[in-house]
Protein chains: 2
Amino acid sequence: MASERKATADPARSLALLWRTREPTSRSAGPALSVDRIVRVAMDIADAEGLDALTMRRVGEALGVGTMSVYTYVPGKAELVAVMIDTAYGEMPRPVVEGDWRTRLERIARDNLALYQRHPWMLRAETTRPVLGPHLMAKYDYELGAIVDIGLTDVEVDAVLTLVLGHVKSAARAASEVVDLERETGMTDGQWWQSHAPWLETFLKPGAYPTASRVGTAAGQQHGAAYGPEYAFEFGLQRVLDGISVVVAERAANR
Amino acid sequence: MASERKATADPARSLALLWRTREPTSRSAGPALSVDRIVRVAMDIADAEGLDALTMRRVGEALGVGTMSVYTYVPGKAELVAVMIDTAYGEMPRPVVEGDWRTRLERIARDNLALYQRHPWMLRAETTRPVLGPHLMAKYDYELGAIVDIGLTDVEVDAVLTLVLGHVKSAARAASEVVDLERETGMTDGQWWQSHAPWLETFLKPGAYPTASRVGTAAGQQHGAAYGPEYAFEFGLQRVLDGISVVVAERAANR
DNA sequence: CAACGAGGCCGTACGCCGTACGACCGCGCC
DNA sequence: GGCGCGGTCGTACGGCGTACGGCCTCGTTG
């Protein structure tokens, strides 16, 4: 539990960490640790085993160092996760994409999905307030740049991006949950359904919830698993882009 | 951390709990506790103070009972949260709404938003696999019923609902994060920005990220806070519904 | 060249958490 | 009247994040 929330009374410290403001040590042999080494190791752990496996003890261990040494460089776990998030944003490509806004926005959606697939722990990290690191800024700037000129107001442009990124996160979360529950239980999604279905039928009065049964079954058969996260992503993304097209076209007509 | 994931090796037990299959005790004086009392108290705690404040010790205390007594009725915390979720679904209205599908779907979105506002902890509870309780089934059936007849396939109908509910959850989460960080830090969103902005400007090279700065400022000024969760909800909802309209119209034309 | 002080390192300990285990106890049933 | 069982719960264990204070090392200074 305890959450990844920052208790952070001190914005200066948190931001300095994110932006790596740090006078280099004058010592000849530099310190054994660094924020970057810590972050790299922490991301490796979280990528491989999930956020729950990321403990401060574990990080120290992986670095061959005492647990508390980590605290020399990072005020606490919440701040560590914040730096990890900003670092992950920094890994994203920011290509200049040819084509219309829809192509560009779709590309942004797919890049964000890929990010979440590479770092599923980002979906569970609760940030409450934006991280405000340099890479988030760069990402935000880049993504806005792809759609600033589509004829909407600045406020609307921001809302469009929020909408698309929100959809990506939703879909990514659904997909990720399937994956890591399989890891935890050792059962595939299909096996899980097969083990629950007989019991569920016991409780369910026959004929109850006809719509739910029919649609649920149809959806379950269509996709291999009971839920088709990739389908949900694609379908939803096209709907969202269609919806954005409607306003864009409206504005173009009224100009 | 430790997450609200169910370790649940035993589907029978979990489902029996959800569906309240329990032969009434023959004892004269019934037991002091019950699943319902536990769930009610737990929801009160979570509603008032958030999921982090919901501990088994706390639940026992609120019931005037030893911590471990709770485990007589509930296999563990994860299952407790699952029952809480299903119970919350049971509270939702399921009116027969007059009007077209868009009206009905919009109503569903607003009802779900209201649910999350009443029980923000639902946004943090990680369920990985659907809860499969009676009230979730009823909710799913009801919501599908509002849109089964719009001319899409069953699979698409399911995807439409997933899309809309996903948007609601995204927006609700954004709104909730603002609220409970204010509670935690004792600062409003505006105050938080004011305390961070000067530091951020220190790090930011002037002229860097022009688009982000302009759009971010515009969005910040438009809404009272730096982020306008209600606006994001409304804007996104209309876009999503517009997008759905496009397919619906397409199908109607091709029929 | 010796003394100092600061910065990096980290062992120990505290207060939380979820929950396994086994003891106690009072009631309904044979 | 004795038994068994369901409800209750005290204690304890292993894990977590992290506060605190000591130690050791090394560049700096007199």
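In this text the structure is predicted, and so the values were computed from the model without any measurement. A, B, ... follow the sequence lines: proteins, then strands. Residue 1 opens every chain.
The listed nucleotides are dG7(D), dC17(C), dG17(D); the one nearest the side chain of Tyr73(B) is dG7(D).
Two residues are said to be in side-chain contact when any heavy atoms from C-beta on lie closer than 4.5 Å; Lys139(B) and Leu165(B) meet this criterion. The shortest distance between side-chain heavy atoms of Leu33(A) and Thr72(A) does not fall below 4.5 Å. Between Arg13(B) and Glu79(B) the shortest side-chain heavy-atom distance does not fall below 4.5 Å. Side-chain contact between Val59(B) and Lys77(B) is absent, with no heavy atoms from C-beta onward closer than 4.5 Å. Between Glu143(B) and Val164(B) the shortest side-chain heavy-atom distance does not fall below 4.5 Å.
Among the atoms of the strands shown, only primed sugar atoms or phosphate atoms (P, OP1, OP2) are found under 4.0 Å from some heavy atom of Gly76(B).
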Please set out all donor-acceptor pairs under 3.5 angstrom arising from side-chain atoms of residues 41-51 of chain A, sequence neighbours excluded.
from, atom 1, to, atom 2, distance (Å)
Asp47(A), OD1, His119(A), ND1, 2.7
Asp47(A), OD1, Trp121(A), NE1, 2.6
Asp47(A), OD2, His119(A), ND1, 3.2
Glu49(A), OE1, Arg58(A), NH1, 3.3
Glu49(A), OE2, Arg58(A), NH2, 2.7

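When the P atom of dG18(C) is taken as reference, atom CD1 of Ile38(B) falls 14 Å away, rounded to whole Å. Regarding Leu51(A), its CG atom lies at a distance of 11 Å from the P atom of dG17(D), rounded to whole Å. Regarding Met56(A), its CE atom lies at a distance of 15 Å from the P atom of dG11(C), rounded to whole Å. One atom, CD1 of Ile45(B), and another, P of dC17(C), lie 11 Å apart when rounded to the nearest Å. If you take CD of Glu79(A) and P of dG17(D), they are 13 Å apart, rounded to a whole angstrom. One atom, CG of Asp52(B), and another, P of dC17(C), lie 11 Å apart when rounded to the nearest Å. dG15(D) atom P lies 15 Å from atom NZ of Lys77(A), rounded to whole Å. In this entry the distance linking CG of Leu54(B) with P of dG18(C) reads 8 Å, nearest Å.
Of the residues in residues 63-72 of chain B, those with a non-hydrogen atom less than 4.0 angstrom from any atom of DNA chain C are Thr67(B), Met68(B), Tyr71(B).
Contact annotation: Arg57(B) side-chain N/O to dC17(C) OP1/OP2 distance is under 4.0 Å.
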For salt bridge (Lys or Arg N to Asp or Glu O under 4.0 Å), just list the numbers for Asp36(A) and Arg20(A), CA-CA rounded to whole Å, side-chain angles, deciding distance to a tenth of an Å, and then say yes or no. CA-CA 9 Å; Asp36(A) 291 283; Arg20(A) 297 287 203 292; 3.0 Å; yes
